[in-house]
J.: 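Got a structure here, written out as structure tokens. Questions coming.
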Amino acid sequence: MTVWDRPEPQPRPAPVPLDRERIVAAAVELADEGGLEAVSLRKVAARLDAGPMRLYGYLATKEELFDLMLDAVYAEILPRESEGKARGWRETLRAHARRTRQAALRHEWLADLLGGRPSLGPNALAAAEVTLAAFDGLADVDTVARAVATVNAYVTGAIRREIANLRAERATGLSEHDWQRAHGPHLTRMLNTGRYPALARFVHEGTETDAGTSFDLELDWLLDAVAARIA
């Protein structure tokens with residue numbers, strides 16, 4: 001039985017009111033501050049000024065808490081009613097990808113939970129429904145499944161790469177530009193050996209772009225490939 005199938009305990013008089021929504025909100029705050037390693041049922045209970053044992057009435061394990069936290073972020077990824085429906089499968093996938101990236105920049109720990117087994121929370125299922133429904137009548141189920149899985153794999157990888165760079169910047173105190181400048185002499189010496197001509201051309205002639213621009217450009221390339229496959 002999943003955490004969503006198991007009902008919450010009946011409210012009872014207590015100095016500190018509890019429900020899953022409050023528990024998840026506190027856990028998200030902790031994760032935003034210190035990553036998933038900063039989250040435990042004991043720490044969440046302390047944040048809520050409640051006894052740790054009370055939380056076990058709402059959650060069986062820390063993994064269930066992570067499931068609930070992930071689904072809470074999916075609520076941020078879902079399109080808002082005021083924005084209207086995206087136009088077609090391409091805009092739907094692009095909007096979903098961008099929203100996922102924006103959510104990961106707000107909650108860096110999201111990068112650590114993406115890409116595993118499918119999330120079965122109500123918000124995650126709603127997000128999947130919006131994405132798949134955009135392909136209605138355009139292709140067979142298997143083609144749609146491969147298309148969505150391919151785009152999701154790119155989004156997960158791109159987000160993890162970007163978050164890894166942000167974490168490295170904080171850990172070392174070096175921005176990406178500072179890191180490139182510090183390691184530039186070594187790379188120059190290696191390229192001057194002549195053993196890496198293709199890499200040298202890439203380094204000297206390539207155009208550097210910021211993470212957001214690269215994300216959008218690479219996403220468009222992938223969506224072009226999906227369009228060709230559907231056609």
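Heavy atoms only: backbone and side chains are in, while hydrogens, waters and symmetry mates are out. All values derive from a computational prediction rather than experimental measurement.
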J.: Do Val130 and Val226 belong to the same hydrophobic cluster, where Ile, Leu, Val, Met, Phe, Trp and Tyr are linked whenever their side-chain heavy atoms lie under 4.5 Å apart, directly or via other members?
T.: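 Not linked; separate clusters.
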J.: Under 6.0 Å from the CZ atom of Arg6, do we count more than 12 heavy atoms belonging to anything else shown?
T.: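 More than 12 heavy atoms, drawn from other residues, nucleotides or ligands, come within 6.0 Å of this atom.
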J.: Identify the heavy atoms of Ala31 and Met69 that sit nearest to each other, and give their distance.
T.: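 Shortest heavy-atom contact: CB-CE, 3.7 Å.
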J.: Determine, step by step, whether Arg94 and Asp216 satisfy the side-chain contact (heavy atoms from CB on, under 4.5 Å) criterion, reporting the C-alpha distance in whole Å, the side-chain angles of both residues, the deciding distance to 0.1 Å, and the verdict.
T.: CA-CA 8 Å; Arg94 181 186 285 114; Asp216 285 342; 5.6 Å; no
J.: Mark yes when over 12 heavy atoms from residues, nucleotides or ligands other than Glu21 sit less than 6.0 Å from its CD; otherwise mark no.
T.: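 Not more than 12 within 6.0 Å, no.
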J.: Report the C-alpha distance between Leu191 and His204 in whole Å, list the side-chain angles of each, state the deciding distance to 0.1 Å, and finish with yes or no for side-chain contact (heavy atoms from CB on, under 4.5 Å).
T.: CA-CA 10 Å; Leu191 295 181; His204 295 310; 4.3 Å; yes
J.: May I ask you to decide if Asp19's main-chain N or O and Glu8's side chain share a donor-acceptor pair within less than 3.5 Å?
T.: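 No: the side chain of Glu8 does not pair with the backbone of Asp19.
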J.: If you count heavy atoms of other groups shown closer than 6.0 angstrom to CG of Asp49, is the number above 12?
T.: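 No.
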J.: Evaluate the criterion side-chain contact (heavy atoms from CB on, under 4.5 Å) for residue pair Ile230 and Phe135; output intermediate values, then yes/no.
T.: CA-CA 10 Å; Ile230 291 176; Phe135 287 90; 3.5 Å; yes
J.: Can a salt bridge be assigned to the pair Arg161 and Glu218 using a cut-off of 4.0 Å between side-chain N and carboxylate O?
T.: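 So Arg161 pairs with Glu218 through a salt bridge.
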J.: Linking I/L/V/M/F/W/Y whenever their side-chain heavy atoms sit closer than 4.5 Å, directly or via other members, would Leu120 and Leu110 fall into one cluster?
T.: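 Leu120 and Leu110: one cluster.
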J.: Applying side-chain contact (heavy atoms from CB on, under 4.5 Å), run through Leu65 and Leu55 and close with a yes or a no.
T.: CA-CA 10 Å; Leu65 179 57; Leu55 269 62; over 6 Å; no
J.: For the atom pair NE2 (His177) and CD (Glu169), what is the distance rounded to the nearest 0.5 Å?
T.: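 Rounded to the nearest 0.5 Å, the NE2-CD separation comes to 12.0 Å.
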J.: Looking only at heavy atoms, what is the nearest atom pair of Ala211 and Arg101, with distance?
T.: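 Looks like C-NH2, 4.0 Å.
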J.: Keeping the roles fixed (side chain from Thr131, backbone from Ala127), state whether a donor-acceptor pair exists under 3.5 Å.
T.: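 Such a contact is found between Thr131 side chain and Ala127 backbone.
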J.: Please check: side-chain N/O of Tyr74 versus main-chain N/O of Thr100, any donor-acceptor pairing under 3.5 Å?
T.: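 Not confirmed, Tyr74 side chain does not pair with Thr100 backbone.
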J.: Hey, any chance Leu78 and Val148 share a hydrophobic cluster, counting ILVMFWY side chains that come within less than 4.5 Å of each other, even indirectly?
T.: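 No, no single cluster joins them.
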J.: Which atoms form the tightest heavy-atom contact between Val24 and Ala72, and what is the distance?
T.: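 Shortest heavy-atom separation between Val24 and Ala72 comes out as CG1-CB, 3.9 Å.
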J.: Looking at Arg106 and Asp32, does any basic side-chain N land under 4.0 Å from a carboxylate oxygen?
T.: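 So Arg106 does not pair with Asp32 through a salt bridge.
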J.: Please name the pair of heavy atoms, one in Gly212 and one in Asp210, separated by the smallest distance, quoted to 0.1 Å.
T.: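 Smallest heavy-atom distance, with atoms named: N-OD1, 3.0 Å.
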J.: Look up atom CZ in Arg54 and atom CG in Leu18, then write down how far apart they are to the nearest 0.5 Å.
T.: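 Reported value, rounded in 0.5 Å steps: 4.0 Å.
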J.: Below 4.0 angstrom, N of the basic side chain to O of the carboxylate: do Glu33 and Arg47 qualify?
T.: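 Here Glu33 pairs with Arg47 in a salt bridge, since their nearest N and O are under 4.0 Å apart.
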J.: Drop me the distance from Leu93's CG to Thr150's OG1, to the nearest 0.5 angstrom.
T.: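 Leu93 CG to Thr150 OG1: 10.0 Å, rounded to 0.5 Å.
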J.: Tell me whether His183 contacts the main-chain N or O of Trp179 through its side chain, where contact means a donor paired with an acceptor under 3.5 Å.
T.: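 Yes, the answer is positive, given that a donor and an acceptor are paired below the 3.5 Å cut-off.
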J.: Nearest 0.5 Å, please: how far is OH in Tyr56 from CE in Met53?
T.: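 Rounded to the nearest 0.5 Å, the CE-OH separation comes to 6.5 Å.
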J.: Of all heavy-atom pairs between Glu76 and Ala103, which one has the smallest distance, and what is that distance?
T.: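 Minimum heavy-atom contact is OE1-CB, 4.4 Å.
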J.: Are Tyr196 and Val203 connected, step by step, through hydrophobic side chains (Ile, Leu, Val, Met, Phe, Trp, Tyr) whose heavy atoms are closer than 4.5 Å?
T.: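 They do share one cluster, since a chain of ILVMFWY contacts under 4.5 Å joins Tyr196 to Val203.
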J.: Output the distance between atom CG (Leu187) and atom CG (Asn192), rounded to the nearest 0.5 Å.
T.: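 If I round to the nearest 0.5 Å, the distance is 9.0 Å.
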J.: For the residue pair Ile163 and Leu105, what are the closest heavy atoms and their distance?
T.: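 Residues Ile163 and Leu105, closest heavy atoms: CD1-CD2, 4.1 Å.
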J.: Is it true that a side-chain atom of Asp71 and a backbone atom of Asp67 form a donor plus acceptor pair closer than 3.5 Å?
T.: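 Answer holds: no.
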J.: Does a salt bridge link Asp112 with Arg167, judged by any charged N lying under 4.0 Å from a carboxylate O?
T.: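 Yes, Asp112 and Arg167 are salt-bridged.
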J.: If Ile, Leu, Val, Met, Phe, Trp and Tyr residues are connected whenever their side-chain heavy atoms lie under 4.5 Å apart, and connections chain through other members, are Leu174 and Leu166 in the same group?
T.: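 No, no single cluster joins them.
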J.: Once you round to the nearest 0.5 Å, how far does CZ of Arg20 lie from CG of Leu68?
T.: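 Between Arg20 CZ and Leu68 CG, I get 6.5 Å after rounding to 0.5 Å.
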